[in-house]
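Since the structure comes first, as structure tokens, the remarks are kept for the end.
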Amino acid sequence: MKVLDTGIIYRNPIPHIYSRHGYFPSAVKLPSGRMVATFSIGEAFESADLHAYASVSDDNGKTWSEPRELWGKVPSFCDFCRISLLDSGEITAIVSRCDRSRPDSGLANPDTMGFTETEFWTQRSTDGENWSEPQKIEAPLVGPSFELCAPIRQLSDGKLILPTSTWKGWDGYCPNGMKAVALVSSDNGKTWDEYMDVMADTEDNIIYWESRICELKDKSLLATAWTYDSKEDSDLSVSYAISDGKLFSAPASTELQGQTTDIITLPDGRILTIYRRTDKPGLWGNVSRIENDKWINEEELHLWGNTVSAKVGDDENMVANFNNLRFGAPNTIFIDEKTIFISFWCIEDNVGNIRYIKLEI
């Protein structure tokens with residue numbers, strides 16, 4: 001692996017005049033060659049004015065257009081999104097709309113570790129500039145809240161899957177426990193009436209966040225997740241599980257010490273993981289292979305952030321620790337046979353930027 005280039009997708013051009021920070025990006029490359037990136041912009045990491053925007057690039061990611069709001073502002077709500085490319089060449093966006101009727105509170109309740117009320121919606125586009133009217137997703141299980149951690153993925157059989165996690169409601173109500181799941185649509189996103197359990201702890205001590213899923217060469221599914229022991233108030237190594245499309249294996253360790261991950265299948269069948277590392281500073285890449293359902297690490301590469309720690313904080317309250325995050329949420333796509341485009345958010349000079357890295361494999 002070799003880093004070819006890095007640059008900025010979005011940065012507040014006048015941070016000395018007003019506060020605008022970028023977070024939670026994703027990107028696609030259209031058949032026309034145009035690239036589209038989405039991300040949220042707001043005054044702060046959990047401000048009530050965070051909304052999803054889209055920028056386009058017609059020079060392979062070197063320069064990007066002025067961001068345009070994806071969805072008109074809805075009073076008392078903020079929104080985030082992730083995008084992916086369908087086999088049809090159409091962009092599909094999964095949008096999480098979050099209730100912000102408690103403007104002086106963050107997204108999570110520090111007393112219960114519950115999340116504010118959320119709704120999932122989808123939008124479509126063919127050019128990244130014109131978007132369809134939002135369509136609401138009716139989830140097939142009670143969250144009651146759901147994490148937006150990954151874009152919708154289209155599998156080789158045509159089904160759409162949405163990796164997510166159930167999350168406690170603001171009051172702590174969580175009838176199905178906090179677990180990683182994948183919503184499934186068999187009709188191109190019109191309905192989402194199925195789901196798969198991906199990772200769960202029967203005792204509800206281990207929480208699986210930021211789940212990502214990719215399809216391997218043999219059509220099996222590979223999932224990874226940031227793994228947190230709520231009883232011990234500590235991160236564990238990144239977990240993985242494998243599925244034949246119906247049931248996932250029990251979670252096992254990748255031996256990667258990290259948090260938010262993204263995974264992509266390389267042409268030779270190996271796996272590239274991009275993740276925020278916790279035992280060393282910065283954003284890293286790791287190449288591994290799956291052999292008899294065992295995760296075997298082969299190669300690693302430091303990508304960004306020589307001095308930026310991924311440690312979320314020393315507070316015993318995990319909700320408070322979230323506020324100390326300085327970078328993360330990587331999104332990984334191929335832009336040609338040998339080049340991978342990684343987008344992520346990071347704090348540089350006290351400004352939340354959307355940065356990209358081009359990686360040669």
Side-chain angles (χ1 to χ4, degrees), residues 82 84 86-87 92 94 120 137 139-141 143 146-167 176-189 191-204 206-228 236-256 258-275 286-297 330-333:
R82 301 286 191 277
S84 57
L86 301 179
D87 292 343
T92 181
I94 175 67
F120 277 161
I137 287 181
L141 78 165
F146 291 91
E147 180 187 33
L148 179 59
C149 52
I152 291 168
R153 296 296 188 197
Q154 186 166 30
L155 304 180
S156 57
D157 63 4
K159 289 184 178 180
L160 304 183
I161 61 169
L162 172 58
T164 182
S165 295
T166 56
W167 202 304
N176 292 302
M178 292 182 68
K179 61 182 179 179
V181 299
L183 308 188
V184 181
S185 174
S186 299
D187 55 10
N188 198 35
T191 60
W192 297 80
D193 52 8
E194 302 174 60
Y195 76 93
M196 297 182 288
D197 285 321
V198 179
M199 296 186 200
D201 175 30
T202 57
E203 297 183 358
D204 273 347
I206 307 300
I207 301 174
Y208 299 98
W209 281 312
E210 296 285 342
S211 174
R212 299 295 179 103
I213 297 176
C214 69
E215 191 169 26
L216 302 178
K217 286 237 171 181
D218 65 359
K219 311 304 180 186
S220 60
L221 302 180
L222 173 68
T224 58
W226 170 2
T227 308
Y228 178 71
L236 304 177
S237 59
V238 174
S239 295
Y240 78 98
I242 298 174
S243 171
D244 59 3
K246 297 179 181 179
L247 297 175
F248 276 87
S249 60
S253 173
T254 64
E255 299 184 1
L256 301 178
Q259 296 169 340
T260 57
T261 64
D262 196 16
I263 50 176
I264 193 169
T265 305
L266 299 177
D268 62 6
R270 295 185 298 168
I271 308 303
L272 173 64
T273 303
I274 308 297
Y275 70 114
N286 181 84
V287 175
S288 59
R289 71 181 190 274
I290 304 296
E291 193 171 287
N292 297 322
D293 289 347
K294 299 296 183 183
W295 180 291
I296 302 171
N297 293 313
N331 175 257
T332 312
I333 61 169

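In what follows, every heavy atom counts, from backbone to side chain, and hydrogens, waters and symmetry copies are set aside. Residue numbers run from 1 in the order of the sequence given.
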Is a salt bridge present between Asp244 and Lys246, judged by a nitrogen-to-oxygen distance below 4.0 Å? no
Going through the checks in order, is the side-chain contact (heavy atoms from CB on, under 4.5 Å) test met by Gln259 and Trp209? CA-CA 8 Å; Gln259 296 169 340; Trp209 281 312; over 6 Å; no
Side-chain donor/acceptor of Thr164 to backbone N/O of Glu147, under 3.5 Å: yes
How far apart are the closest heavy atoms of Val238 and Gly258, and which atoms are they? CG2-O, 3.6 Å
Pairwise distance CD1(Ile242) to OG(Ser220) - rounded to 0.5 angstrom: 6.0 Å
Could you give the distance from CZ (Arg270) to OG1 (Thr265), rounded to the nearest 0.5 Å? 12.0 Å
Quick check: does any side chain N or O of Ser243 sit under 3.5 Å from a backbone N or O of Leu247, one acting as donor and the other as acceptor? yes
Taking atom CG of Leu162 and atom CH2 of Trp192, what is their separation to the nearest 0.5 Å? 5.5 Å
Quick check on the 6.0 Å ring-centre criterion: do Phe146 and Trp167 meet it? no
If you compare all heavy atoms of Asn297 against all heavy atoms of Ser288, which two are closest, and at what distance to 0.1 Å? OD1-CB, 3.6 Å
What closest approach, in Å, do Pro140 and Leu183 show between heavy atoms, and which atom pair accounts for it? CD-CD2, 3.8 Å
Donor-acceptor contact below 3.5 Å, side chain Asn286 vs main chain Leu256: no
About how many Å separate CG of Asn331 and CD1 of Ile274, when rounded to the nearest 0.5 Å? 10.5 Å
Heavy-atom check, side chain of Ile161 versus side chain of Leu155, under 4.5 Å: yes
Given the options Ile152, Thr92, Val184, Leu160 meets side-chain contact (heavy atoms from CB on, under 4.5 Å) only with Ile152
Counting N and O atoms only, with roles assigned by atom type, does the side chain of Thr191 sit under 3.5 Å from a partner on the main chain of Asp193, one being a donor and the other an acceptor? no
Any donor and acceptor pair, going by atom type alone, linking the side chain of Ser165 with main-chain N or O of Tyr208 inside 3.5 Å? yes
Can you see which heavy atom on Val198 is nearest to which on Ser211, and at what distance? CG1-OG, 4.3 Å
Output for pair (Lys159 NZ, Asn188 CG), nearest 0.5 Å, gives 13.5 Å
Derivation of the side-chain contact (heavy atoms from CB on, under 4.5 Å) call for Asp268 and Arg289: CA-CA 10 Å; Asp268 62 6; Arg289 71 181 190 274; over 6 Å; no
Just to verify, what does Arg153 make a side chain to side chain donor-acceptor pair (under 3.5 Å) with, not counting sequence neighbours? none
Tell me whether Thr224 contacts the main-chain N or O of Ser239 through its side chain, where contact means a donor paired with an acceptor under 3.5 Å. no
Donor-acceptor side-chain pairing of Thr261 and Thr273 below 3.5 angstrom: no
N/O donor-acceptor pair under 3.5 Å between Tyr240 side chain and Trp295 backbone: yes
Can you check whether Phe120 reaches Ile94 side chain to side chain, under 4.5 Å on heavy atoms? yes
Do the side chains of Asp201 and Lys179 get close enough for a salt bridge, i.e. N-O under 4.0 angstrom? no
Backbone N/O of Ser156 and side chain of Glu215: donor-acceptor pair under 3.5 Å: yes
Heavy atoms of Asp197 and Phe248 approach each other most closely as O-CD1, 3.4 Å
How long is the gap from OG1 on Thr254 to CD1 on Ile263, to the nearest 0.5 Å? 10.0 Å
Quick check against the 3.5 Å criterion: does Arg212 have a side-chain atom that pairs as donor or acceptor with the backbone of Cys149? yes
Passes side-chain contact (heavy atoms from CB on, under 4.5 Å), Ile271 versus Val287? Steps please. CA-CA 6 Å; Ile271 308 303; Val287 175; over 6 Å; no
If you draw a 6.0 Å radius around CD in Glu194, do more than 12 non-hydrogen atoms from other residues or ligands fall strictly inside? yes
Can you tell me if Gln154 uses its side chain to pair, donor with acceptor, with the backbone of Asp87 under 3.5 Å? yes
Is it true that the side chains of Asp262 and Thr332 contain a donor and an acceptor less than 3.5 Å apart? yes
Could you report the tightest heavy-atom contact between Met199 and Ala223, atom names first, then the distance? CE-O, 3.5 Å
